[in-house]
Amino acid sequence: MFVCCDAPPGADRLGLLCSFNGSTVQATVQDGSVTCCPPATQELVSDAEQQGVRLRVTAAKAAAAEQEHAGGLHEEILDWAEFEARAAGTAVAAAMPPPPAKQGSRARVAAAYSALKPFIIISLSYLLFTITDGAVRMIVLLHAYQKGFSAMEVATMFSFYELAGVATNLAAGLMGAKWGIRYTLLSGLCLQLVGIGMLFGWQDGWSKTEAIVYVTAAQLMCGIAKDLTKLGGKTVTKLVTPEEKRSSLFKLVSFITGWKNSLKGAGYFLGAATVGVNYYMSLGILCGLILAAMPWAATGLSSQLGRARKENVSFAQLFRNKPNVNVLSLSRVFLFGARDLWFEVPLPFFLRSPDSGIGWSRSLTGAFLAIWIIVYGQFQSWTPQLVLGPLRQSPPNKWVAALYSGALAVLPLTLGIIMLAGGTFGPDLPAAPAVVAITVCLYGFCIVFAINSAIHSYLIVAYAEGDKVAQTVGVYYASNAVGRLVGTLASGALYSYVGSSIVDGFGACLMVSVAFAAASCAIDFWLHEEDAAPGVHRLGRLGACLPGRKQEAAAPVAQPPAAEATTP
C-alpha cells in the first residue's frame, strides 16, 4: 500500500492513478491523502542498491474537444517529479512534493535542456552515425559493382553485417541494461571507425575471394557498430518520456526514427556521389563525421542512463519477455525481410544493368535509393500527424499494425506481376514505362512501409518495461537483423539464379516479398491488447464497417473498480 500525503484540493474528483514499477492502478483520496494499492506485494521490494520504489501520481482529465473526439486522453502529473518511496513491510509511505515555484524563462529553458540533454546528445550522435552507415553501404556496393562482383557475391559481403546484428542486439541489450547507454554508444562509434578504416585496405590486385573475405570482415565491424549505436537512439525516447504519455512517446519515437532514416538516405547520396570522385576521399569524410560525434557522447552522458535498477541481469533474462515483445519481434523478421528481399542488393544492380532496360549511372542509381530512404524517413516522422491521427488510430495497436502489413503486400505483388507478365522490362524495350512502374510501386511501398515501421517502433517501446527497455529493444532489433539477413541472402540467390534473365530474378524477389508481408500481417493478430477495451477494434474510420462495430462503439466500457485502501 502506498500512502501519498498532501493531495491537492479536489483531487478526489480527478480520477487519480498511481504508476510504479511499470504498473498503473487507481487511487483513492481520503482526508487529503492518496492511497494506492499495488497489484502484487512482491513488486514493492526495493532493488539491490536500495533505491526504493519509484512512484508517480497522475490525474486523468478530459482532453480538449478535438482530442476527445479523436479518442485521446490527457493525464496531468500531480507530483511534478518522481520521488522514491521506501518499503516498510508491505506498506510504502512518501510525502507528495509541493508544486515548484514559478521560474523565469531562462530557468525554464535550463530545466528543459537538463531533462532532454540525454535525448539531444544521443540523437545527434546517432544521426551523425546514421549518415556514415548509409554512405559506407553505398560505397561498398557501387565499388564492388564497378569491379565486376555479382549480386550474390555482394550479398555475401553484407551477410556478416546483418548476421552481426542478431548477436549484437542481444549483447547490446544486456550491456545497456548492465553498464548503461553511454557504454554501448561509444563502443559503436569506435567500431565504426575500425570498419571504415579497414576499407582503406581494399586492394585492386586481390582476387574476388580475398576481397569478399576482407570486405565481409570490415562490414562485420560496421554491423556491430550500427546495432550498438542504434540501441541508444531507440531507448532514449522511452527514458525521457513518462509512462503515461503514450501519444507523446509515439510522436517522439516516430520523429527520431524518421530522421534517422532520412539521414541514412542522405548518406546513400553522399556515398554514391563521393565514391565516383575518389574511393579514399569518401571513406575519409565518413571518419570525420564519426569523430565529430564522439566527444559529446563521452562527456555529456551519465554512466547510469539506461541501466536496469536490478543489477543481476543475465543472458537468459533476454528471452524472458512479455508475450507481446516476442510476437512483435517475429512479425518484425518478416516485415524487414519483405523489404530487403529486393531493396538492398537487387534494386541497385537492376537499376545499373542495361539488361533490365534501365541502365542508369552510378550517381542516378544512388540518388534513386537516397530519395527512397529520405521519403521513407520523413513519412515515418509524419505518420502520427498525417495518417494515424486523422484516421483515429493514434496511438496504434495490433489491429492497425495488421492493417498496414496487409496493405504492404499489394505493391510488390503489382510490380511483380508487371515484370513477370513481360512487355515492360527488357534491353530492347523503351525505358520510360519500366521507370514509371518501378517508381510508382516502390515509392508506394516506401510510404506504406514507413507507416508499418513507425507503428512497430512505437509498439516495442510501449510494451517494454521501464527499467528493461534497453534489453527489450535489443531483443527486438535482433529479430530485425534476422529479417534483414534472410532477405539479403535470399535476394542475392533469387536475383542471380532464378529465371533466364535478371527481370525474372527481380520479379521472383518481389513475389517472395509478398509472402513475407502477408506473414507479418498474420503474426500481428497474435498480439494481445492489454490496454485496449475488450471488443474494440481501434481502427478508427477504417473499422466503422466491421461487423458489430457500431454496437461495440455504443456500448459503455466497464470501468475497473476503485482500489481499496487496504494492504494486499
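For reference, positions follow the sequence shown, starting with 1.
- Evaluation of the side chain to side chain contact (heavy atoms under 4.5 Å, CB included) rule for P348 yields L141, T365, L369 as partners, not counting sequence neighbours.
- Partners of S331 under the side chain to side chain donor-acceptor pair (under 3.5 Å) rule, at least two apart in sequence or in another chain, are S520, D524.
- For F269, there are no ring pair (Phe, Tyr, Trp, His ring centres under 6.0 Å) partners two or more places apart in sequence or in a different chain.
- Sorted by first and then second residue, the salt bridge (charged side-chain N to carboxylate O under 4.0 Å, His left out) pairs with a member in residues 369-382 form an empty list; sequence neighbours excluded.
- Under the rule for a side chain to side chain contact (heavy atoms under 4.5 Å, CB included), the partners of I371 that lie at least two apart in sequence or sit in another chain are V375, Y443.
- Remark: V448 engages A407, L408, L411, N452 in a side chain to side chain contact (heavy atoms under 4.5 Å, CB included) (not counting sequence neighbours).
- Note on residues 410-421: no pairs pass side-chain hydrogen bond (donor to acceptor under 3.5 Å, both in side chains), not counting sequence neighbours.
- Using a 30° and 60° split on the angle between ring planes, Y145 and F349 fall in the perpendicular class, above 60°.
- Residues satisfying the side chain to side chain donor-acceptor pair (under 3.5 Å) criterion with S150, sequence neighbours excluded, are E153.
- By the ring pair (Phe, Tyr, Trp, His ring centres under 6.0 Å) test, F158 pairs with no residue at all, sequence neighbours left out.
- Evaluation of the side chain to side chain donor-acceptor pair (under 3.5 Å) rule for Q192 yields T132 as partners, not counting sequence neighbours.
- A side-chain hydrogen bond (donor to acceptor under 3.5 Å, both in side chains) check over residues 486-498, counting only residues at least two apart or in different chains, returns nothing.
- For F506, the ring pair (Phe, Tyr, Trp, His ring centres under 6.0 Å) criterion is met by F350, not counting sequence neighbours.
- In this structure, a donor-acceptor pair under 3.5 Å is present between the side chains of Y161 and D133.
- Contact check on D340 versus R484 returns a salt bridge, with a Lys/Arg side-chain nitrogen under 4.0 Å from an Asp/Glu carboxylate oxygen.
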